[in-house]
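A quick write-up on the structure given underneath.
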Amino acid sequence: MKVENYTYLNDQGYYHRSGAAKSIAAADLDILYKELGIDYPKFYKMDPLCKLGFLLCEPLKTSDEISSNGIFIWNKHSSFDADFKHTQNIKNNMPGPANFSYTLPNIVAGEVAIRHKITGECGIFIVEDLDFAEMSKSISLYFDNPLVSCLWVGWIDAKAGKCIGFMCKVVKDNSNIGIFSAEIERIYKGLFI
Amino acid sequence: MNRTFITYSNIVCPLGAGTKEVFTKIISKTTGIKKDESGFFSSSFSPEDQKNIFGSAFSPASPAASKMIVRLFDQMVKEVDFDIKSEENLIVICSTKGDIESFPEFSEVPLLSLAKTIQSKYGVVTPPFIISNACISGLHGLIHGSRAVKNGLYKRAIVIGVDSASSFVKNGFTTLSAVSDKICSPFDKNRTGLNLGEGAAIAIIENSPANSNSIEILAGCLSNDANHITGPSRDGEGLYQALKQLLLNAGVDLPYNETLLSPHGTGTVYNDEMESIAFTRAELNSLSMVAFKGYLGHTLGVSGMLEAILCFEILHTGQLPVTLGYREHGVSGNIQFLKETEEVQKGKSLKYLIKTGSGFGGSNAAILFSKT
């Protein structure tokens, strides 16, 4: 497996980032979306985690033939923002379906799948800290299916206005898990100093 | 590549502690779904269940999800002969919300807290792998664990699924108008929604069978509808693709008259109709079928795994339960369940099981199991 492409965000604008990844405020996600210049009104219904995932994945699509490929995201705080809002809404006797729909971390993969028509295997894994050896072993399991030529994988996290992450387009090749693990760790350490 | 087998499994839910105990209740058409003081139907642990199922070792006030996984882990540790702490084991925890209500100030991540419970109680050093994939979390865990063993990355996978019927989810599903005001009726003409449930399940996956009760995992697939974040695709496309891939990967010429199919069957209008369409498209109409949520409620992340383990009892005993709540056929696909009023079928010769699940985020899972 090897990383063919990767994306990240910081405060320098959607197309102008350089240097390290930085955490972004939830309100800035809408500004970055506008810079994309696309028309996808569903974006505004999403919670911050899903908006972040959407923005990170947008540049990964380079071809139309990716339906069988998959999305695997590592995350720490699960759907914290939606969970917290749902809990507050319950206290105030006004829980709402729109917010409750986002109280599952895998919805971010669902939103990205809808956007890019990805019908392959998807999932979310919750971790305290990233362990690149474990991450690489896990990613390798989803290349089992010979129809899968690439996976979008990464780490995305959003909590109380701190939105951060990176996403990689990983393709099959002959490199072993150890080499891939070192590569993804190098990318991560280069971005998240 | 190795083959993979479930060499140990167990469940706990309001109907009982232990697969055989719960299966016996199901054979006697006993449901775990009850109405509470506010008129809400769910399958939840009562104070009496606390005594009978958890005993004095667990305080009634302790959080439900961690209580359930410790109950299953404690029993597993006594019954197996390997070291749980070994780095050869992959521990996989599968849950949608964990003990979401134990942390009202969100001082900890509930799912990480479940992992820490396992680490501290059993001396496990490597953090358990945590899958949170809506209502297919447990089935995804079985797929992930079996691939890890099959590919030789681990000697063993210990997969544990759990979810509780917290007021967090009760309130949530009520706002989605997904909840029934009676005991749910999967695939029935008059179905009006789901009932929530809670429970936990554990399974150990290894690369050789332990005995003739071991169940082989022949293949497993996930897919995404890529259509809507909560509603299933009307044409069942995502589930159909998972089934299609599953049957391609099966590696066996599946004898349909010896195959059991257990769908997700939540009792909502849309889910059950979608599944019937997917099964018809996959030409699985002639399989023997059973749906469990009339007995167990919808146990969320653990539902597929918990129900699969009950299906293993069907394969072993040859007894096919009725589908509680199913009285009159109410989906467009011609699929056959035993009606609630019929007798349990005995002496069924069933060797294979296809278990499916679907969940929010457009997720679908399908796994093919067989007796050894």
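Just so it is clear, the model here is predicted, and its values are computed rather than measured. Reminder, nothing fancy here: chain letters follow the sequence lines and each chain counts from 1.
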Give each N or O donor-acceptor pair spanning chain B and chain A at a distance under 3.5 Å, with atom names and distance to 0.1 Å, or state none.
from      : atom 1 : to        : atom 2 : distance (Å)
Lys97(B)  : NZ     : Ser79(A)  : OG     : 3.3
Lys97(B)  : NZ     : Asp83(A)  : OD1    : 2.9
Lys97(B)  : NZ     : Asp83(A)  : OD2    : 3.0
Lys97(B)  : NZ     : Thr103(A) : O      : 2.9
Lys116(B) : NZ     : Glu128(A) : OE1    : 3.1
Ile130(B) : O      : Ile126(A) : N      : 3.0
Ser132(B) : N      : Ile124(A) : O      : 3.1
Asn133(B) : OD1    : Asn106(A) : ND2    : 3.4
Asn133(B) : ND2    : Cys122(A) : O      : 3.1
Ala134(B) : N      : Asn106(A) : OD1    : 3.3
His140(B) : NE2    : Tyr142(A) : OH     : 2.8
His144(B) : ND1    : Tyr142(A) : OH     : 2.6
Arg147(B) : NH1    : Glu121(A) : OE1    : 2.8
Arg147(B) : NH1    : Leu141(A) : O      : 3.3
Arg147(B) : NH2    : Glu121(A) : OE1    : 3.4
Arg147(B) : NH2    : Glu121(A) : OE2    : 2.9
Lys150(B) : NZ     : Asp144(A) : OD2    : 3.0
Asn151(B) : ND2    : Asp144(A) : OD1    : 3.3
Tyr154(B) : OH     : Glu134(A) : OE1    : 2.6
Tyr154(B) : OH     : Glu134(A) : OE2    : 3.3
Phe168(B) : O      : His86(A)  : NE2    : 2.8
Leu222(B) : N      : Glu121(A) : OE2    : 2.9
Asn224(B) : N      : Thr119(A) : O      : 3.1
Asn224(B) : N      : Gly120(A) : O      : 3.2
Ala226(B) : O      : Lys117(A) : NZ     : 3.3
Phe360(B) : O      : Asn106(A) : ND2    : 2.9

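- For a residue to count as touching a neighbouring chain, one of its non-hydrogen atoms must lie under 4.5 Å from one of that chain's; by this rule Leu141(A) touches chain B with backbone and side chain alike.
- Ile124(A) CD1 to Ile126(A) CD1: the interatomic distance, rounded to the nearest 0.5 Å, is 7.0 Å.
- Interface summary for chain A: among Ile143(B), Ile130(B), Ile100(B), the most heavy-atom pairs under 4.5 angstrom belong to Ile130(B).
- Between the CG atom of Leu247(B) and the CG atom of Leu243(B) there is a distance of 6.5 Å, given to the nearest 0.5 Å.
- Of the listed residues (Ala148(B), Gly359(B), Ala115(B), Pro127(B)), the one with the most heavy-atom contacts under 4.5 Å to chain A is Ala148(B).
- When each of Ala98(A), Gly96(A), Cys50(A) is scored by its heavy-atom pairs under 4.5 Å with chain B, the top score falls to Gly96(A).
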Next item on the list: Could you walk me through whether Ile131(B) and Ile93(B) pass side chain to side chain contact (heavy atoms under 4.5 Å, CB included), step by step?
Entry: CA-CA 6 Å; Ile131(B) 297 179; Ile93(B) 295 178; over 6 Å; no
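- With a 4.5 Å cut-off on non-hydrogen atoms, Ile71(A) does not touch chain B at all.
- Atoms CZ and CG, on Phe103(B) and Leu112(B) in that order, are 9.5 Å from each other to the nearest 0.5 Å.
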Note to self: With ring pair (Phe, Tyr, Trp, His ring centres under 6.0 Å) as the criterion, how do Phe180(A) and Phe132(A) come out once you've worked through the C-alpha distance, each side chain's angles and the decisive distance to 0.1 Å?
What the structure shows: CA-CA 9 Å; Phe180(A) 175 80; Phe132(A) 300 98; 9.8 Å; no
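- Once rounded to the nearest 0.5 Å, the distance linking CG of Leu9(A) with CD1 of Ile156(A) reads 9.5 Å.
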Next item on the list: Apply side chain to side chain contact (heavy atoms under 4.5 Å, CB included) to the pair Val170(A) and Phe72(A), showing each step before the final yes or no.
Entry: CA-CA 11 Å; Val170(A) 177; Phe72(A) 290 97; over 6 Å; no
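- Looking at Phe129(B), only its side chain comes within 4.5 Å of chain A, counting heavy atoms on both sides.
- Within the 4.5 angstrom heavy-atom criterion, atoms from both the backbone and the side chain of Ile229(B) approach chain A.
- With rounding to the nearest 0.5 angstrom, the CG atom of Leu29(A) is 11.5 Å from the CZ atom of Phe54(A).
- Heavy atoms of Val108(A) lying under 4.5 Å from chain B are absent altogether.
- In this structure, the separation between CG on Leu218(B) and CZ on Phe5(B) is 8.5 Å, given to the nearest 0.5 Å.
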Notebook entry, point to check: Does the side chain to side chain contact (heavy atoms under 4.5 Å, CB included) test come out yes or no for Met135(A) and Leu130(A), once each step is laid out?
Noted result: CA-CA 7 Å; Met135(A) 196 177 177; Leu130(A) 279 178; 4.0 Å; yes
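- Heavy atoms closer than 4.5 Å to chain A are found nowhere in Leu248(B), neither backbone nor side chain.
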